[in-house]
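Here the structure is laid out as structure tokens; the discussion comes afterwards.
Atoms within a ligand are numbered from 1 in the order they appear, just like the ligands themselves. Here, residue 1 is the first one in the sequence, and each next residue gets the next number. Only heavy atoms go into these numbers, but all of them, side chains included; no hydrogens, no water, no symmetry mates. As the structure is a prediction and not an experimental result, all values here were calculated from the model.
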Amino acid sequence: MFTDKEKTIKIIENSIENSLTYANEGEVATYIPELANVNPKDFALSLVTVNGDEYKFGDYNKVFSIQSISKVISLIMALNDNSIDEVFEKVGTEPTKYKFSSLIPIDDMAANPFINAGAITTSSLIKGKDLDEKFNRVISKIKKLSNSNNITFLEEVYKSEMETTDINRSIAYYLRSKKIFSLDAEEVLDLYIRNCSIGMNSTELAHIGALLANGGKDLATNAEIISKDSVKIVLAQMASCGMYEESGSFLLEVGIPSKSGVSGAILGVVPGKCGIYVYSPRLDKSGNSVVGKKLLKILSNDLDLNIFL
Ligand code: GLN
């Protein structure tokens, strides 16, 4: 696989065509008003192999907010800034059948780092003297992980969510009341929403996937960018919790550790092989991209990417 470039491109093009037959199913997220302004027809796929080869299709230069894909970054940073025990004293590791925005706690803490309550928790574990310093650290980290200097902050998306995010605000105050953190709840919420509002294109995100697929080592120099322990934890959590309440069925059908976001993106990581990023904004009831899920399923089969086979 990936040895014959022409053949790989043909397989991917064919998979895209098949997945786009579902392009009219599902709805674009509207609960963050700014997200309703996207073109539902937008589509991008970037696949980056551990050798650094890039396969790019559709609107791969288009920048969109990363939304819940930021939960992967927050977990990486929380693990970087604290011990593993310190992180998992504050957030669980179990999948949940409740929606990503659910307030329902498990043992007074979030079920896992990949639902909102979990990522608000990992955001509280990111170190820095103030909010700006913490957010600047997140941006610098993303630049390093994606090997790109073009990472932007989508102010309109941020403002739009800050004005409407009563649920996440409630979650932040709830977690604070349970002593999950003692920082100002508004500041923790702010960092979480800023992280969701980071703008990136699909190739930059596929690079982060490829880095994780490469065991956290830089694709060109092999220098360690993410520790092995963190890579193991992040991929295990992506496999078990990355697709919200559909995580089990997705793993069963697709067999690729993945993380989705309500902007319509899914990041998949195939250890030892590649990172894949699909963007298509129409979502199913769980908040996962309809075309994204279909495409990853087809690609898993056609490019032999299922981690269990
Ligand atoms: N910013 C979004 C929220 O908190 C992220 C959720 C998501 O992508 N699933 O609701």
Side-chain angles (χ1 to χ4, degrees), residues 26-38 42 63-75 91 95-105 110-124 126 135 138 142 152-175 185-200 202 205 208 237-238 240-247 250 258-268 277-293:
E27 300 296 334
V28 168
T30 52
Y31 75 99
I32 301 172
E34 189 61 25
L35 291 186
N37 297 332
V38 299
D42 280 351
V63 170
F64 44 84
S65 62
I66 65 172
Q67 296 300 333
S68 274
I69 313 293
S70 66
K71 294 177 165 82
V72 172
I73 313 297
S74 302
L75 178 58
V91 60
T96 166
K97 66 181 165 61
Y98 298 110
K99 275 203 78 62
F100 63 79
S101 54
S102 175
L103 272 164
I104 298 175
N112 67 67
F114 289 162
I115 55 170
N116 292 9
I120 292 171
T121 304
T122 51
S123 298
S124 78
I126 296 172
F135 187 56
V138 173
I142 292 186
T152 50
F153 174 55
L154 303 176
E155 187 94 34
E156 292 309 313
V157 176
Y158 164 75
K159 279 194 198 144
S160 174
E161 185 161 14
M162 275 310 259
E163 281 162 13
T164 52
T165 192
D166 290 347
I167 292 187
N168 288 324
R169 179 164 279 113
S170 315
I171 293 173
Y173 278 94
Y174 182 84
L175 291 171
E186 290 295 333
E187 261 199 28
V188 174
L189 174 75
D190 201 320
L191 181 60
Y192 166 75
I193 305 285
R194 286 191 198 192
N195 293 344
C196 292
S197 310
I198 290 169
M200 294 176 74
S202 64
L205 280 149
I208 299 185
Q237 289 288 282
M238 286 173 75
S240 56
C241 311
M243 302 293 286
Y244 313 121
E245 66 272 29
E246 293 184 334
S247 299
F250 184 84
S258 298
K259 179 75 203 86
S260 72
V262 284
S263 46
I266 306 179
L267 173 65
Y277 204 78
V278 192
Y279 175 66
S280 170
R282 285 187 195 268
L283 309 176
D284 66 12
K285 285 200 298 298
S286 306
N288 293 320
S289 166
V290 175
V291 166
K293 280 189 344 184

Identify all N/O pairs between ligand 1 and the protein with a separation under 3.5 Å and present them as a table of atom names and distances.
unit_1, atom_1, unit_2, atom_2, d
ligand 1, 1 (N), Gln67, OE1, 2.6
ligand 1, 1 (N), Glu161, OE1, 2.8
ligand 1, 1 (N), Glu161, OE2, 2.8
ligand 1, 4 (O), Asn116, ND2, 3.1
ligand 1, 4 (O), Glu161, OE2, 3.1
ligand 1, 4 (O), Asn168, ND2, 2.8
ligand 1, 4 (O), Tyr192, OH, 2.7
ligand 1, 8 (O), Ser68, N, 3.1
ligand 1, 8 (O), Ser68, OG, 2.7
ligand 1, 8 (O), Val262, N, 2.8
ligand 1, 9 (N), Ser68, OG, 3.0
ligand 1, 9 (N), Tyr244, OH, 2.6
ligand 1, 10 (O), Tyr31, OH, 2.5
ligand 1, 10 (O), Asn116, ND2, 3.4

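- With Phe64 as the fixed residue, the side chain to side chain contact (heavy atoms under 4.5 Å, CB included) test singles out one of Asp42, Leu35, Leu205: Leu205.
- Residues meeting the side-chain contact (heavy atoms from CB on, under 4.5 Å) test with Ser102, sequence neighbours left out: Tyr98, Ile104.
- A 6.0 Å sphere centred on CD1 of Ile167 holds no more than 12 heavy atoms belonging to other residues, nucleotides or ligands.
- We find that Glu34 and Lys159 are not joined by a salt bridge, their nearest charged nitrogen and carboxylate oxygen being 4.0 Å or further apart.
- Of the N and O atoms on the side chains of Tyr158 and Asp190, at least one donor lies less than 3.5 Å from an acceptor on the other residue.
- Of the residues listed (Lys99, Glu246, Lys293), the one engaging Ser286 in a side-chain hydrogen bond (donor to acceptor under 3.5 Å, both in side chains) is Glu246, and it is the only one.
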